[in-house]
Amino acid sequence: MRLTKEQIEAEGWKHIGGKLLSVAQQEYCKEGIAGVRVQYSEKDRELIIDNGEEYEQNNTFYYGECKDINTFRWVCKLLKIE
């Protein structure tokens with residue numbers, strides 16, 4: 001089962017739009033957590049968690065596959081984003 005927009009929002013993240021890179025990615029932010037942005041592509045299961053600046057490797061906290069809500073929660077917990 002894939003991670004969905006609804007599951008991300010249920011974790012307290014607010015949808016703030018999307019932008020087109022190589023695939024359509026949806027962007028989210030979480031109130032009370034400044035400087036962290038989540039981008040997720042449901043099609044490719046690609047998750048990027050960064051500081052909201054233009055894409056550079058040193059601005060990225062996590063970049064990789066995210067298969068489901070449990071993986072998303074695990075990554076957020078490891079990064080101490082709660």
How long is the straight-line distance from [atom2] of [Y] back to [atom1] of [X], given to the nearest 0.5 Å?
X	Y	atom1	atom2	result
Leu79	Ile49	CG	CD1	5.5 Å
Lys30	Ile16	NZ	CD1	14.0 Å
Leu3	Leu47	CG	CG	7.5 Å
Cys66	Arg73	SG	CZ	11.0 Å
Asn59	Asn51	CG	CG	4.0 Å

For a 4.5 angstrom cut-off between non-hydrogen side-chain atoms, does [X] reach [Y]?
X	Y	result
Lys5	Tyr40	no
Thr4	Glu42	yes
Ile69	Glu11	yes
Ile81	Ile33	yes

| said: Whether the side chain of Arg2 engages the backbone of Lys43 through a donor-acceptor N/O pair (distance < 3.5 Å, no angle test) should be reported. | reply: yes

| query | Is there a side chain to side chain donor-acceptor pair (under 3.5 Å) between His15 and Gln26 once you walk through the steps? | reply | CA-CA 7 Å; His15 183 255; Gln26 300 300 314; 2.4 Å; yes

| Option from Val36, Val38, Ile48 for which side-chain contact (heavy atoms from CB on, under 4.5 Å) with Phe61 holds | Val36

| task | Would you name the heavy atoms of Thr60 and Tyr63 that are closest together and state the gap between them? | result | CG2-CB, 3.9 Å

| Glu31/Lys14 salt bridge by N-O under 4.0 Å criterion | no

